[in-house]
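Please read all numbers here as calculations on a predicted model, not as lab measurements. The first residue in the sequence is number 1, and the count goes up from there.
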Amino acid sequence: MKFKHIIIIVLLFSFGLNQKLMGNWINSNDTLPKTTLSIVQGKDSLVITDKTKEIVLSTDSFRLYFSTQNTDCVFLNCSYDSMAYHYANLNQLEKIDVFTPPQTFAENSKNQDHDLSVVNNASDGYHCLYAFSEDEEFIRFDQVWGTTKDNWIGLRSVSSIFEPGKSNIDLKELKGKTLYLVYSPGIENRAIGLKVNFK
């Protein structure tokens with residue numbers, strides 16, 4: 001329990017420090033939606049920056065912490081397809097269509113299965129992880145910390161992978177595979193791409 005509180009404090013501090021270091025740019029853009037992703041696996045934690053293009057995880061469960069400002073939701077797309085990831089990292093944001101696909105996923109609230117939906121083709125679907133909603137059914141995080149929609153942290157635990165049309169897949173089966181995560185602070189044509197290799 002203490003470890004979880006320490007993680008939250010560190011995330012809040014690192015998010016605040018990151019904002020402070022960006023100085024005048026933040027002051028002139030302080031109403032723009034922002035999202036910082038931190039990934040925690042066991043006792044290891046990593047804050048993902050715009051310079052982080054690739055990470056390595058073991059096939060044990062992990063947690064995604066989204067620290068946000070000026071938005072009430074986070075878009076997250078996970079796939080085996082690298083196209084959206086490459087567009088995001090090349091800053092060709094007009095080519096990213098993963099948050100406006102013809103097919104989307106509906107999930108149970110509160111991430112009861114502790115899974116992550118993964119598609120073969122990035123354009124086949126997305127998660128819209130609402131953090132603040134009057135209807136609890138729209139909250140796709142395990143838990144949300146914060147008091148307003150302008151500043152909060154959402155936790156998404158991952159113990160398995162869900163592929164549409166299949167049953168949940170244990171993370172152990174991802175050994176040697178790669179997932180591409182593309183996420184955005186509720187903006188359809190803006191995204192950060194992250195390549196996750198499983199060892």
Side-chain angles (χ1 to χ4, degrees), residues 11-12 14-40 46-55 62-107 111 116-133 138-141 144-146 148-156 158 178-196:
L11 289 173
L12 287 170
S14 64
F15 187 64
L17 181 61
N18 185 36
Q19 301 304 321
K20 187 174 182 180
L21 291 175
M22 302 215 33
N24 292 334
W25 187 87
I26 290 296
N27 290 334
S28 64
N29 294 289
D30 60 356
T31 59
L32 291 177
K34 300 172 188 73
T35 298
T36 300
L37 171 62
S38 298
I39 299 178
V40 176
L46 178 63
V47 177
I48 308 302
T49 70
D50 57 356
K51 298 190 185 315
T52 311
K53 306 300 181 200
E54 185 172 347
I55 64 169
F62 58 92
R63 296 183 298 281
L64 305 173
Y65 288 90
F66 291 91
S67 302
T68 71
Q69 285 187 328
N70 303 319
T71 183
D72 64 353
C73 66
V74 172
F75 293 154
L76 172 65
N77 177 283
C78 302
S79 79
Y80 298 114
D81 174 12
S82 64
M83 190 62 69
Y85 162 83
H86 288 301
Y87 285 150
N89 288 324
L90 292 171
N91 205 30
Q92 296 179 354
L93 303 181
E94 71 284 353
K95 294 183 179 179
I96 295 176
D97 64 354
V98 297
F99 304 131
T100 56
Q103 175 185 340
T104 60
F105 292 114
E107 298 183 306
N111 187 26
L116 200 58
S117 291
V118 178
V119 292
N120 287 313
N121 184 323
S123 295
D124 283 346
Y126 73 94
H127 290 306
C128 186
L129 305 179
Y130 290 97
F132 284 87
S133 173
F138 285 102
I139 299 176
R140 309 303 187 209
F141 291 106
V144 174
W145 295 274
T148 71
K149 70 177 183 178
D150 293 330
N151 193 348
W152 50 270
I153 294 175
L155 162 64
R156 176 99 184 178
V158 182
T178 299
L179 290 184
Y180 297 91
L181 277 61
V182 177
Y183 60 96
S184 167
I187 301 174
E188 292 179 356
N189 62 349
R190 195 169 109 203
I192 296 171
L194 179 66
K195 180 179 181 181
V196 182

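Rounded to the nearest 0.5 Å, atoms CG (L129) and CD1 (I139) are 11.0 Å apart. A distance of 9.0 Å separates CG in N189 from OG1 in T100, rounded to the nearest 0.5 Å. Rounding to the nearest 0.5 Å gives a distance of 10.0 Å between SG of C73 and NZ of K149. One distance of note links CG of L181 with CD1 of I192; it measures 11.5 Å at 0.5 Å rounding. One distance of note links CZ of F132 with CG of D72; it measures 9.0 Å at 0.5 Å rounding.
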Output, in order, the C-alpha distance, side-chain angles, deciding distance and verdict of side chain to side chain contact (heavy atoms under 4.5 Å, CB included) for K195 and S82. CA-CA 8 Å; K195 180 179 181 181; S82 64; over 6 Å; no
L194 and T52: CA distance, side-chain angles, deciding distance, side chain to side chain contact (heavy atoms under 4.5 Å, CB included) verdict: CA-CA 7 Å; L194 179 66; T52 311; 4.0 Å; yes
Run the side chain to side chain contact (heavy atoms under 4.5 Å, CB included) test on Y65 and L37 for me, step by step, so that the C-alpha distance in whole Å, both residues' side-chain angles and the decisive distance to 0.1 Å come before the verdict. CA-CA 6 Å; Y65 288 90; L37 171 62; 5.8 Å; no
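Between V182 and A191, the closest heavy-atom pair is CG1-CB, 3.3 Å. When every heavy atom of G154 is checked against every heavy atom of F141, the shortest pair comes out as C-CD2, 3.5 Å. Closest heavy-atom contact between N89 and G193: OD1-O, 3.6 Å. The two residues K34 and T71 have their closest heavy-atom pair at O-CG2, 4.4 Å. Between W145 and L155, the shortest heavy-atom contact is CZ3-CB, 3.6 Å. The heavy-atom pair separating Y87 from K95 by the smallest distance is CE2-CD, 3.4 Å.
Shown here is F138, whose CZ atom has no more than 12 heavy atoms of other residues, nucleotides or ligands within 6.0 Å.
The shortest distance between side-chain heavy atoms of H127 and R140 does not fall below 4.5 Å. Contact of the L116 side chain with the L76 side chain is registered, since non-hydrogen atoms from C-beta on lie closer than 4.5 Å. Looking at D124 and D81, their side chains never come closer than 4.5 Å, going by heavy atoms from C-beta outward. Using a 4.5 Å cut-off on side-chain heavy atoms (C-beta onward), Q69 and P185 make no contact. Counting heavy atoms from C-beta outward, W152 and V74 have side chains that approach closer than 4.5 Å. Inter-residue side-chain proximity for F66 and L64 is flagged as met; some heavy-atom pair is nearer than 4.5 Å. By the 4.5 Å heavy-atom criterion applied to side chains, L179 and Y80 are counted as neighbours.
For the side chain to side chain contact (heavy atoms under 4.5 Å, CB included) test, residues two or more places apart in sequence or in another chain that qualify with L46 are I48, I55.
Aromatic ring orientation, Y180 versus H86: tilted (interplanar angle from 30° to 60°). Between Y126 and F99, the angle of the ring planes goes over 60°, which puts this pair in the perpendicular group of the 30/60° scheme.
S184 places a side-chain N or O within donor-acceptor distance of the main-chain N or O of R190, the cut-off being under 3.5 Å. Put simply, the side chain of K53 gets close to the backbone of D50: a donor and an acceptor are under 3.5 Å apart. Under a 3.5 Å cut-off, the side chain of N77 and the backbone N or O of S123 do not form any donor-acceptor pair. A donor-acceptor pair is defined here as one N or O able to donate and one able to accept, closer than 3.5 Å; no such pair exists between the side chain of Y85 and the backbone of S79.
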